[in-house]
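These figures come from a predicted structure and were not determined experimentally.
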Amino acid sequence: MASGRFRYGAWRDGPDPLAPPYDVRAAVDEVGERVLAGDSLRDVLRDLVRRGPQDGRGLDALRDRARRLRREALRRGNLDGAVTRAQQLLDQALAAERDELTRRDDDAARFSEAVLDNLPRSTSRAVEELSDYQWASSEAQQLYQQILDGLRREVVEQRFAGMKQALQQGDLEGVSEMVSDLNDLLAKHARGEDTSDAFQQFMAKHGQFFPENPSNVEELIDSLARQAAAAERLMRSLSPQQQEELSRLMDQALGDGPLRGQLGELTDNLRALRPNLNWGRGERMRGPQDLGYGDAAAALGEIGELDELLDQLGQEHPGATLDDVDVEMVERQLGRGAADDVRRLRELERELSRQGWVTRDSEGLTLSPKALRRLGRTALAQVFDDLSGRKQGQHDLRDAGAAGDLIGSSRRWEFGDEQPLDVVRTIGNAVRRQAAGGGVGVLPVRLEPDDFEVAETERRASAVVALCVDLSYSMYADGRWGPMKQTALALSHLVATQFPQDSLQIIGFGKYANALSQGQLAAIDPTAEKGTNLQHALKLAGRHLRRHPGAEPVVLVVTDGEPTAHLEPDGEAMFWWPPLPETIRATIGEVDHLTRFGATLNFFMLGEDDGLQRFVAAVAERNGGRVFSPDADELGRYVVDDYVRARRGRR
């Protein structure tokens, strides 16, 4: 720095802090493109945050890092290090004691040697039997005491980070008093009592033992419960023999005072307050070194926290949101850059909601009506791009007013008229009125209500439209699912924006048929359920048409297979392939009902199924409708074009 020279490089610690915020419209368009291509809406919205928009880092990248850290933690070392270290210290203590005894020539020395020779092979039992042994070697006695003091220190420090100084000073009574007060506090909290004052008093008295400085009881419980769960997982991760060894060693280390029972009570309290933590599952850890009790528990605590983080980042449970992700945990395990990524994804999700592009239901995010309108507009624009290649432009009602095409005549304006003004005749009326009144000049022309005339138009009849779309699995398997969605959304948007006097109902049919809203259509996923119940779809179409008796009936059917299901008298669907005669008769019966009502059925036949071709040919001859055989990518153009022609009476 003294030279005044600086080095510059690419920003590497998280997202670029100077980058512009996410373009939510671009994110919505990205979702729309995939939905129109046939992808599941919920899968696409989930991928938006899993992958991250604009090729940014999403939840999947963070999960990969968390998995890698978990694998590394599992290779950190062996969990039985506490028992192994106790065994090593015991061997050293016994060796030092034997050396001292060999230099003594008395009966007491020989008796001590006999005691050492008859010690149990179990480390914990040997330590227990040596509790009253009179050591001849001060070095051996110190090594033996290290077994107890070291394990006691690791056990207590693992549970309470601030206990080091108290343990160094041998203040077990202070530790015991703190744990007793802590159990009383947790018991009050478990009973539902207000513990705000009790917590403040507890922290004022024992706050030095908690350097993490929790701000309330819940934060204190979270911290303690994670440590306790890690200790429990350590015991579960050992073999039964190792568990017994470590448990007996811990009992020896904690002594006969109240601390041992108080720690057990604390574990029970924390387990009851945080039952959702992973208390029981063990882990198989391998590594080049033996981990002491504290290090082993810390490693398992880290693995447990990574497991919890992986679950949060997975967003798999119903109703999951990015608010479920603990950003502080992300920063603790993955670093500040990863935490910034989560915050930015949260910001994107909130911005999508704030601007009205998505809404949340019990199953997660879904597109809002605003986004569905944009999706429909996109689908319609793609269809009209195809139509424009055939010299057919958009048919926009705004060019001629709400009533229809101009017919060349006009009439006096009346209150409530929506037809366009005839400007030439209106001005002419005003000029003639002023001249008849004796005015010398005609400028400026002043208009009065009686001067106005409106251009008469050919009134367009409203239409009632039923679009029946096949939702059978073959539509998805053969790549027709996306074009089907695009077609239905485009037609829905066209009717809503340019033919608002029409009434459209989209009917999806598989084994059963159902009326679908735009949102339901966008979110619907293919199923493996078999059946093409056109009879049920036409029955629903007939109900829709009869609700609008004065409108021109339009029925459009998009399918790739012949009818294979029909409704029985009890309302249950009967499926069979090849089609049963009963299925064909029931479907033809609905065709005849629609024909008598005056509706013409136009079929858009996808694929080259022989049975479907025979069926639709027979229906067309019976009903008078037409049959189209478009490629899947031309389906939207055919359906929209046919609807517009029907609206203009040019079938």
Side-chain angles (χ1 to χ4, degrees), residues 464-478 480-481 484 487-488 505-516 520-521 524-549 553-630 635 639:
V464 53
V465 186
L467 174 61
C468 304
V469 291
D470 190 344
L471 302 181
S472 62
Y473 187 76
S474 60
M475 291 282 288
Y476 176 78
D478 295 334
R480 298 160 185 154
W481 194 261
M484 176 273 294
T487 299
Q505 185 172 82
I506 300 171
I507 300 170
F509 61 96
K511 187 175 181 180
Y512 293 91
N514 291 288
L516 301 172
Q520 291 170 328
L521 176 67
I524 197 168
D525 295 329
T527 67
E529 189 177 44
K530 297 179 179 179
T532 303
N533 197 337
L534 180 58
Q535 180 251 345
H536 192 190
L538 295 180
K539 181 183 288 290
L540 296 182
R543 293 177 185 172
H544 176 58
L545 299 186
R546 291 182 180 90
R547 284 195 290 268
H548 305 272
V554 179
V555 179
L556 311 173
V557 180
V558 177
T559 185
D560 70 344
E562 58 188 322
T564 57
H566 68 279
L567 293 182
E568 295 280 19
D570 60 0
E572 293 295 319
M574 175 65 185
F575 162 76
W576 196 261
W577 192 90
L580 296 172
E582 295 93 322
T583 298
I584 300 300
R585 282 197 298 270
T587 307
I588 292 297
E590 295 299 333
V591 171
D592 290 343
H593 290 325
L594 292 171
T595 302
R596 287 193 292 270
F597 185 75
T600 301
L601 279 71
N602 284 353
F603 275 81
F604 300 85
M605 185 176 61
L606 303 176
E608 299 178 353
D609 181 77
D610 292 337
L612 175 62
Q613 291 181 8
R614 290 192 297 270
F615 174 78
V616 297
V619 170
E621 182 177 354
R622 192 181 192 97
N623 173 266
R626 296 187 297 167
V627 177
F628 302 89
S629 300
L635 176 62
V639 171

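- Panel note: side chain Y512, backbone A573; a donor-acceptor pair is recorded below 3.5 Å.
- Contact record, A565 with N533: O-OD1, 3.2 Å, taken as the closest heavy-atom pair.
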Begin with the C-alpha distance, continue with both residues' side-chain angles, and end with the deciding distance and a verdict on side-chain contact (heavy atoms from CB on, under 4.5 Å) for N602 and V557.
CA-CA 6 Å; N602 284 353; V557 180; over 6 Å; no
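- Within a 6.0 Å sphere centred on CD of E621, heavy atoms belonging to other residues, nucleotides or ligands number 12 at most.
- Rounding to the nearest 0.5 Å gives a distance of 12.5 Å between CG of L567 and CE of M574.
- Residue D610 holds its CG atom at 15.0 Å from CZ of F615, rounded to the nearest 0.5 Å.
- With Q535 as the fixed residue, the side chain to side chain contact (heavy atoms under 4.5 Å, CB included) test singles out one of T587, I584, T583: T587.
- Residue L540 holds its CG atom at 13.5 Å from CD1 of I506, rounded to the nearest 0.5 Å.
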Any chance you could lay out the side-chain contact (heavy atoms from CB on, under 4.5 Å) test for F603 and L534, step after step, and finish with the verdict?
CA-CA 12 Å; F603 275 81; L534 180 58; 3.9 Å; yes
Would L471 and M484 count as a side-chain contact (heavy atoms from CB on, under 4.5 Å) here? Give the steps.
CA-CA 9 Å; L471 302 181; M484 176 273 294; 3.6 Å; yes
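- Tested against K539, the residues H593, H566, E590 include a single side-chain hydrogen bond (donor to acceptor under 3.5 Å, both in side chains) partner, E590.
- Between F604 and F628, the angle of the ring planes stays under 30°, which puts this pair in the parallel group of the 30/60° scheme.
- With hydrogens and angles ignored, the 3.5 Å screen pairs no side-chain donor or acceptor of H548 with any backbone N or O of V464.
- Inter-residue side-chain proximity for T559 and L612 is flagged as met; some heavy-atom pair is nearer than 4.5 Å.
- Nearest heavy-atom pair across V627 and A620 is CG2-CB, 3.8 Å.
- The closest side-chain heavy-atom distance from L467 to Q505 is not below 4.5 Å.
- L606 places a side-chain heavy atom less than 4.5 Å from the side chain of M475.
- To the nearest 0.5 Å, the span separating CZ on F597 from CG on L545 amounts to 5.5 Å.
- Under the 4.5 Å side-chain criterion, counting only non-hydrogen atoms from C-beta, T487 is not in contact with V469.
- In this structure, V558 and V639 have side chains that are in contact, with non-hydrogen atoms separated by less than 4.5 Å.
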For the pair N623 and T600, evaluate side-chain contact (heavy atoms from CB on, under 4.5 Å) and give the outcome as yes or no after the intermediate values.
CA-CA 6 Å; N623 173 266; T600 301; 3.8 Å; yes
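- Between atom CG of residue L538 and atom NE2 of residue H544 there is a gap of 13.5 Å, rounded to the nearest 0.5 Å.
- Distance check: R622 CZ to I588 CD1 gives 5.5 Å after rounding to the nearest 0.5 Å.
- Annotation: side chain of D560 is in contact with side chain of S472 (closest heavy-atom distance under 4.5 Å).
- Within 6.0 Å of OH in Y473 there are 12 or fewer heavy atoms belonging to other residues, nucleotides or ligands.
- Side-chain contact between W576 and T564 is absent, with no heavy-atom pair separated by less than 4.5 Å.
- Closest of all the heavy-atom pairs between I507 and A541 is CD1-N, 3.4 Å.
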